[in-house]
Amino acid sequence: MFASFGHIGGRPQLLVLSLMIFAQGSAYGATLPYLSVTAIGTLGMSDQAYSLLIFVSSLAAVTISVSLGILSDLLGDRRKMMILMSLMGFAGYGAIYLYPSIPVFVGATSIVIPFFYATSSLIFASARGETAELAPIDAASINATMRAFVSAAWVVTPAVLGLALGASGSMLGAWGAASIFSLFICLCATALLKRQAQRPARDPGAPGFFSALRELAAPIMLVRMAAMAAITATLRLSGTIWPLILTLQLGGTTADVGLISGLTALIEIPFMLICSELLKRYRIVTMIVSAALLYGGYMAALSLASAPWHIYALSVPGAAFAAALLSLPLTYFQDIFPARPGLGTAFMPINSFLGNGISALAFALGSQTFGYSGTAWIGLGLAIAGVGGLVLVERQPATERP
């Protein structure tokens with residue numbers, strides 16, 4: 001755990017990238033919790049229009065992130081990309097803050113801000129490049145530690161902004177804060193990240209853009225993506241149903257929801273750091289499989305909760321297992337293509353997009369058929385299905401796996 005901090009503190013570029021990923025997580029944490037409230041409650045969008053906006057924004061974000069991830073491997077200069085993408089965030093968030101209206105909100109959220117979302121993949125790909133000379137275990141530990149910076153941002157930023165802006169009745173100021181975080185990333189990339197050395201002439205035999213896309217669509221990679229997306233969907237489904245179980249079935253309040261959400265994010269941080277240390281003793285696939293099965297058990301226990309304090313009690317093991325599932329998949333995918341961190345990192349936005357889609361479908365079907373508590377058992381099924389897919393892929397001979 002402390003070795004990872006030592007590597008980050010002793011390498012100025014990794015330290016800068018860690019600060020940038022904290023700022024990027026802060027921009028997310030400033031706006032995403034208040035997205036629906038601002039769009040529907042403050043600006044007056046309809047529920048249907050908001051749902052369509054979220055779908056278009058998610059599709060744009062995954063398309064842009066994957067494309068830029070692959071291009072960053074081909075072009076080599078991620079620093080310039082980060083400068084441009086963070087400027088897009090500065091402009092998009094700033095436009096919503098300065099000119100709050102439905103057309104500006106829709107245009108910025110669906111077109112401009114998705115470019116800023118790609119900054120996260122570029123930062124993690126750059127961090128992977130900075131750790132290329134380290135042992136793979138140390139590189140994986142640093143990845144997990146940097147992911148904890150994102151969770152730390154989610155603990156601090158929503159709470160501070162909620163206290164600062166809650167009395168105003170409008171959360172539009174959160175978009176102003178996100179714009180400042182985007183500008184901070186741009187300044188760090190411009191002034192503190194080292195300039196890329198001139199990239200040598202590209203090897204004609206090296207995979208191009210469309211060849212990389214075909215690698216993403218290879219059958220074995222599709223199985224990997226489906227398996228990991230099923231596990232991610234379990235996390236997303238949990239985040240949807242436990243507040244509903246707590247408030248609509250067990251008599252809890254929205255204050256309980258906020259307290260448990262903050263507690264969960266806080267607990268995840270030390271467990272992410274613990275995961276970074278455990279990577280030195282256990283295989284990453286073993287850790288993901290174990291965490292997924294344990295999280296499935298948490299979902300089963302969630303369905304049996306009969307009092308608010310049960311949800312509080314379950315938040316501790318749930319956060320511990322979630323920490324592994326949030327921090328380890330990035331390294332898992334990057335390890336598949338160690339020489340092309342942009343391509344490996346490109347799997348994460350795909351995983352998030354697919355996980356959200358599977359979770360939405362599971363919730364829509366489960367809540368109507370089994371109720372909120374019964375839907376938790378679907379989460380257990382998704383976890384088991386995801387584990388089965390991963391085990392199936394990893395049991396194949398190494399020569400048959402990319």
Participant: Would you check, one step at a time, whether the test side-chain contact (heavy atoms from CB on, under 4.5 Å) holds for Arg236 with Ser352?
Facilitator: CA-CA 9 Å; Arg236 302 290 193 269; Ser352 181; 3.2 Å; yes
Participant: Does the Ser110 side chain pair with the main chain of Val56, one donor and one acceptor, at a distance under 3.5 Å?
Facilitator: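 The answer is no, because no donor-acceptor pair under 3.5 Å joins these two groups.
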Participant: Decide whether Tyr295 and Ser238 meet the rule of one side-chain donor and one side-chain acceptor closer than 3.5 Å.
Facilitator: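 Note: Tyr295 and Ser238 side chains meet the donor-acceptor criterion.
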Participant: Give a yes or no answer on whether the side chain of Thr131 reaches the backbone of Ala139 with a donor-acceptor pair at less than 3.5 Å.
Facilitator: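 Not confirmed, Thr131 side chain does not pair with Ala139 backbone.
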Participant: Go through Ser290 and Tyr282 one step at a time and tell me if the side-chain contact (heavy atoms from CB on, under 4.5 Å) criterion holds.
Facilitator: CA-CA 11 Å; Ser290 300; Tyr282 302 102; over 6 Å; no
Participant: So, do Phe333 and Phe347 have ring centers that fall under 6.0 Å from each other?
Facilitator: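 Centroid separation for Phe333 and Phe347: below 6.0 Å.
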Participant: Verify whether the ring centers belonging to Phe321 and Phe271 lie closer than 6.0 Å.
Facilitator: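 Aromatic pair excluded; centres sit 6.0 Å or further apart.
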Participant: Do Ser303 and Trp377 have side-chain atoms, one donor and one acceptor, less than 3.5 Å apart?
Facilitator: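 Yes.
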Participant: Please find out if less than 6.0 Å separates the ring center of Phe184 from that of Phe181.
Facilitator: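 Not close enough - the centres of the two rings lie 6.0 Å or further apart.
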Participant: Looking only at heavy atoms, what is the nearest atom pair of Ser86 and Met82, with distance?
Facilitator: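 Shortest heavy-atom separation between Ser86 and Met82 comes out as OG-O, 2.7 Å.
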Participant: Is it the case that the side chain of Ser57 and the backbone of Leu53 share a donor-acceptor pair, with hydrogens and angles ignored and the cut-off at 3.5 Å?
Facilitator: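 Side chain of Ser57 to backbone of Leu53: no pair is present.
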Participant: If we ignore hydrogens and angles and just use 3.5 Å, is the side chain of Thr157 paired with the main-chain N or O of Trp154 as donor and acceptor?
Facilitator: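 Flag not set: sc Thr157 to bb Trp154 has no pair under 3.5 Å.
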Participant: Got a donor-acceptor contact below 3.5 angstrom from the Gln13 side chain to the Leu192 backbone?
Facilitator: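 Checked: pair present.
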Participant: For the pair Ser126 and Arg78, evaluate side-chain hydrogen bond (donor to acceptor under 3.5 Å, both in side chains) and give the outcome as yes or no after the intermediate values.
Facilitator: CA-CA 7 Å; Ser126 297; Arg78 296 187 179 90; 4.7 Å; no
